2 protein chains.
Amino acid sequence: MTDIPPTPPEDQADRFTRAREVQAVALLEDYVEMIGDLIVEMGEARVADLAARMGVAQPTATKAIARLKREGLATARPYRGVFLTEAGAALAERVRARHRVVVELLIAVGVPEKVAELDAEGIEHHVSDETLAAFEAFLKSR
Amino acid sequence: MTDIPPTPPEDQADRFTRAREVQAVALLEDYVEMIGDLIVEMGEARVADLAARMGVAQPTATKAIARLKREGLATARPYRGVFLTEAGAALAERVRARHRVVVELLIAVGVPEKVAELDAEGIEHHVSDETLAAFEAFLKSR
DNA sequence: CAGAAAGTATACCCATGGCTATTTTTAGGT
DNA sequence: ACCTAAAAATAGCCATGGGTATACTTTCTG
Ligand SMILES: [Mn+2]
Ligand SMILES: [Mn+2]
Ligand SMILES: [Mn+2]
Ligand SMILES: [Mn+2]
């Protein structure tokens, strides 16, 4: 009869480490998605519009764009708009698709639409590929 | 025939503002939950154990405890353990219950248990009371 | 009960992501 | 064309949350 080995602390720590890593990219994900939206809706992504939609001051958006550039997700020419790189556009597409699935799943299990939209904005970033696949399977099989 | 009024930018911004607010309390929630766990399992919550389980260096845990004290969620006597206040214990209980429900819901929609545990650690903080209620109703009605 | 080991606090460092105030550039109107 | 208004960049501030290195207590052990 073997005892159940107690979970070692560093294993337990993994989930927190993961959550912290996710948090670090969450902002980038929301920005690339929003830049993509603006380009589609407006033909271009201006810093002022980006800031307004993200609910931050304009210099905050400018700094976020600087980070996107560093990460190779966006380009920008001073006083002109912001553009997505290949990588940025690809990320935006994945993020947009995941966002949709998360909202749909929440609605499917009975969350009111408005609330689903609100909560999904934070939840989405923590949804792994495996969880996303499970969500899609669940939605299909209803 | 009225057009559908386009969502004003500041409304869109609300969800991002909310996500940022949630993020600010997420760490506190995980710490109080873990402090509660340690007290139950070990009889006391030591800084070193807390740090190990959270996956951070010891001074990082010490600083987090300072913040918990400031927020009225914990007390601590130097070189002795950490304790929860009434408010801290109440928060820990709510957080623990919510965590369980989120994990169960993920499993219920087909997410593998291991993955559910991982993803839930981040997701839980973004689950509003309304969404939590919907999750509970869904789990009950299966 | 003295010395060593372990645990904790403290002092600094860094990056992120908010902000306001100000400067610089671009765009528009007369 | 010029002047002005709007947009964007820059500078400088703050809090948070991560880290190392080191000092200080407490605890254990011979
Ligand atoms: Mn989001
Ligand atoms: Mn989103
Ligand atoms: Mn958590
Ligand atoms: Mn948790």
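The sequence lines fix the lettering, A, B, ..., with proteins before strands; numbering per chain opens at 1. Since this is a predicted model, take the numbers as computed values, not measurements. Side chains included, hydrogens not; waters and symmetry mates left out as well; all remaining heavy atoms used.
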Rounded distance in Å - CZ (A/F16) to C1' (D/dG19): 19 Å
Does the side chain of A/Q23 pick up a donor-acceptor pair with the side chain of A/H125 at under 3.5 Å? no
Quick one: which of D/dG18, C/dC19, C/dA11 gets closest to the side chain of A/P59? C/dC19
Return whichever of B/L27 or A/V47 has its heavy-atom-nearest nucleotide of DNA chain D closer to the 5' end. A/V47
Check whether any side-chain nitrogen or oxygen of A/T62 sits under 4.0 Å from OP1 or OP2 of D/dA9, and answer yes or no. yes
Euclidean distance, atom CZ of residue A/R46 to atom C1' of D/dA8 [Å, nearest integer]: 8 Å
d(CG, B/D49; P, C/dA6) in whole Å: 15 Å
Look at the side-chain N and O atoms of A/R70 and state whether any lies under 4.0 Å from the OP1 or OP2 oxygen of C/dT16. yes
Nucleotide nearest A/A48 when distance is taken to its side chain, options D/dA8, C/dG18, C/dA21: D/dA8
Would one find a side-chain N or O of B/T60 under 4.0 angstrom from OP1 or OP2 of D/dG18? no
A/A57 near the nucleic acid: base, sugar-phosphate alone, or nothing, with a heavy-atom cut-off under 4.0 Å? base
Between C1' on D/dT16 and CD on B/E71, what's the gap in Å once rounded to a whole number? 12 Å
Before you tell me yes or no, could you show the steps for A/L38 and A/E44 under side chain to side chain contact (heavy atoms under 4.5 Å, CB included), namely the whole-Å CA-CA distance, both residues' side-chain angles and the distance that decides it to 0.1 Å? CA-CA 6 Å; A/L38 284 170; A/E44 63 177 346; over 6 Å; no
Roughly, in whole Å, what's the span from CG in A/L68 to P in D/dA9? 13 Å
Starting from the 5' end of DNA chain D, give me the residue, A/Y79 or B/R80, whose nearest nucleotide shows up first. A/Y79
Heavy-atom nearest nucleotide on DNA chain C taken for B/I65 and for A/P78; more 5' hit belongs to B/I65
What I want to find out is whether B/R100 reaches B/E136 closely enough, with some N-O distance under 4.0 Å, to be called a salt bridge. no
Using whole Å, report how far OH of B/Y31 lies from P of D/dT16. 14 Å
Pair A/D119 + B/R18, salt bridge at N-O below 4.0 Å: yes
Knowing that exactly one of B/R96, B/R98, B/H99 qualifies, which makes a side chain to side chain donor-acceptor pair (under 3.5 Å) with B/E124? B/H99
Roughly, in whole Å, what's the span from CZ in A/R20 to P in D/dT16? 17 Å
What integer distance in Å separates B/Q23:CD from C/dT16:C1'? 10 Å
Whether the side chain of A/Q58 and the base of D/dA9 hold a donor-acceptor pair under 3.5 Å is what I'd like checked. yes
